[in-house]
Amino acid sequence: MAEDALLRLEAVLLTARRRLEWRRRLATVLAPSVAVLVLLLFWEYGARLFAIPPYLLPGPQVVLASMRENAAALWTQGLVTTWEIVLGFALSVAVGLPLALAIFLWQPFARAVYPLMIASQAMPKVAVAPLFLVWFGFGLLPKVLIGFLICFFPIVINTVMGLHGIEREKIYLAQSMGLGSAATFFKIRLPNALPAIFGGLKIAITLAVVGAVVGEFVGGDAGLGYLLITANGNMDTALLFAGIVCLTVIGVVLFLLVELAERLLLPRHAVGGGAARDAA
Amino acid sequence: MGDAMLELRELSKLYATGNGVVRALDRISLVQSPGEFVSIVGPSGCGKSTLLMLAAGLVGASAGQVLVQGRAVTGPRTDVGIVFQSPVLLEWRTALGNVMLQAEARGLPRRAAEARARELLAQVGLAGFEQKYPHELSGGMRQRVSICRALIHAPQHLLMDEPFGALDSLTRDQLVLDIQHMWQARERAMTVTFITHSVQEAVFLSDRVVVMTPRPGRIDQVMEIDLPRPRTLAMREQPPFNAYCRQVLDLFLQRGVLREH
Ligand SMILES: Nc1ncnc2c1ncn2[C@@H]1O[C@H](COP(=O)(O)OP(=O)(O)OP(=O)(O)O)[C@@H](O)[C@H]1O
Ligand SMILES: [Mg+2]
């Protein structure tokens, strides 16, 4: 009898916890939405209250109107920029991962290229952009290359660190099982490094947005960066804001896509691990 | 008795650290016969894990030799099953998948290996948990998975490093009984080198108990445990068993590992 009552209590507690879990999940969506809404309200009424001229700070409604008005331009220029971002990111993945592998596998190579890589990071990319303009013209290529220059670094660093950062015992285990070095790499070391690699990819995708816009600022005839420069020239601050909103949306969506890929590829890694443990 | 399964000859190990050299092991000599169950007990930091890694050929000795069936060990041994001090499971593989890693690495026939993996998991009370991932298992369950992984290829030599270190006493008792059962089932075709800091566990399981001194680890004394097998929980309450434990504890008291104030 007493056992029964205990079990029932337990069941009630568990369902209550489940419900709380749901509420927490809802809160993760709701809380930021409310925050954004409050911010927008402040912005709208603040701009009105202090009578800030719209060429300095247009309210959200003005920005929205501008977005609607320039929807076609924002869309086509947005596509151009998105394409540049994606290509820059893809190029840095295509080059960064093999480079990281070479650095991991071959010490002398690592020593040779590390200073170069760090120099490439220390060098301000905006300063290189005009040079790329001279070399590669106004087209797509210089933007992709600037994006690449900015975002290959975190990919390489995180991949190398992920490949090195493995418990010694996991390698011992592989050796005691007679696992060859290639099999050890693919069965143990690489999957073990994937969370770190994805960490690098997530940083890289946000940096790729910066790369594309910098490229367009310096020498563009298309894209949202170019649109921003033009709007700036026309003192069209509302359009300036509209462009920034679009860039932000593009950045966030691309970031979420990388995160989605991570979730699909590593459902059991650190991403879901913590939450699953809490629920258990 | 034939050739020794494992022979350690004057084995020493130094580690270089930031502030000088640490002597982890000091001229260890030990001979283990095939099928023998030997436990090594000693205070924390006396070099037990180091000793096991040397015996597995995973770490090189600074001086001395490791011989397996008369042959000098020069690289990682693959005739062993190892249970490390931590479970060392792959987070992205299920319990079954982790056990099967050993079978895959050795190219064992898949179907038979999987049946055996399931049987082993069931034997240590993990039936129904085959498809769970490490983060869904308790610490004790994870360690049990790693024990199954060390046994699936029926190794001739099982090396265990404080496998029950982090477990509650009930689970510990059960696993100690399980290990004894699995070892006896092999009818002395499996040599076991077992590291523990539990004197009771060592006496319970072993043919011989090796007691080590504090760092640098040396062999202090080797005790034959002459108790009938299979050993039972009831034996732990009886005078002969307690006398053995007492002997080890007295040794620790003499060496200052234990103090009665
Ligand atoms: N890789 C290493 N580098 C430097 N020193 C080490 C290394 N591994 C072990 N040591 C040192 O060697 C000594 C023995 O370590 P070991 O891990 O073998 O002890 P242990 O007996 O297994 O201890 P415990 O019971 O706490 O697990 C310790 O003083 C430790 O600091
Ligand atoms: Mg240890």
Would you say [X] has more than 12 foreign heavy atoms packed within less than 6.0 Å of its [atom1]?
X: A:H164; atom1: NE2; result: yes
X: A:F186; atom1: CZ; result: no
X: B:K132; atom1: NZ; result: no

### Task
Check the pair A:L194 / B:W92 against side chain to side chain contact (heavy atoms under 4.5 Å, CB included), numbers first and verdict last.
CA-CA 11 Å; A:L194 280 177; B:W92 57 93; over 6 Å; no
#### Entry: A:I188 versus chain B, the contacting section by heavy-atom distance below 4.5 Å
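Answer is both: backbone and side chain atoms of A:I188 are under 4.5 Å from chain B.
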### Message
Is there a side chain to side chain contact (heavy atoms under 4.5 Å, CB included) between A:M177 and B:H153? Walk through the geometry before answering.
### Response
CA-CA 10 Å; A:M177 297 188 305; B:H153 54 303; over 6 Å; no
### Message
Is any side-chain heavy atom of A:E167 closer than 4.5 Å to one of B:S86?
### Response
yes
### Task
Find out whether A:K187 and B:L90 are in side-chain contact, i.e. whether some heavy atom of one side chain is under 4.5 Å from a heavy atom of the other.
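Not in contact.
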### Message
If I compare all heavy atoms of A:S176 with all of B:R106, which pair ends up nearest, and what's the gap?
### Response
O-NH2, 2.9 Å
### Task
Taking all heavy atoms of A:L173 and all of B:L101, pick out the closest pair and write down the distance.
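The answer is CD2-CD2, 4.2 Å.
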### Task
Calculate, to the nearest 0.5 Å, the distance between atoms CG and CD belonging to A:L179 and B:Q102 respectively.
9.5 Å
### Spatial distance of atom CD (A:E169) from atom OG (B:S146) [nearest 0.5 Å]
11.5 Å
### Task
Can you tell which part of B:Q85 gets under 4.5 Å to a heavy atom of chain A, answering side chain, backbone, both or neither?
neither
### Query
Heavy atoms under 4.5 Å from chain A: which residues of residues 61-84 of chain B carry them?
B:P76, B:R77, B:T78, B:V80, B:I82, B:F84
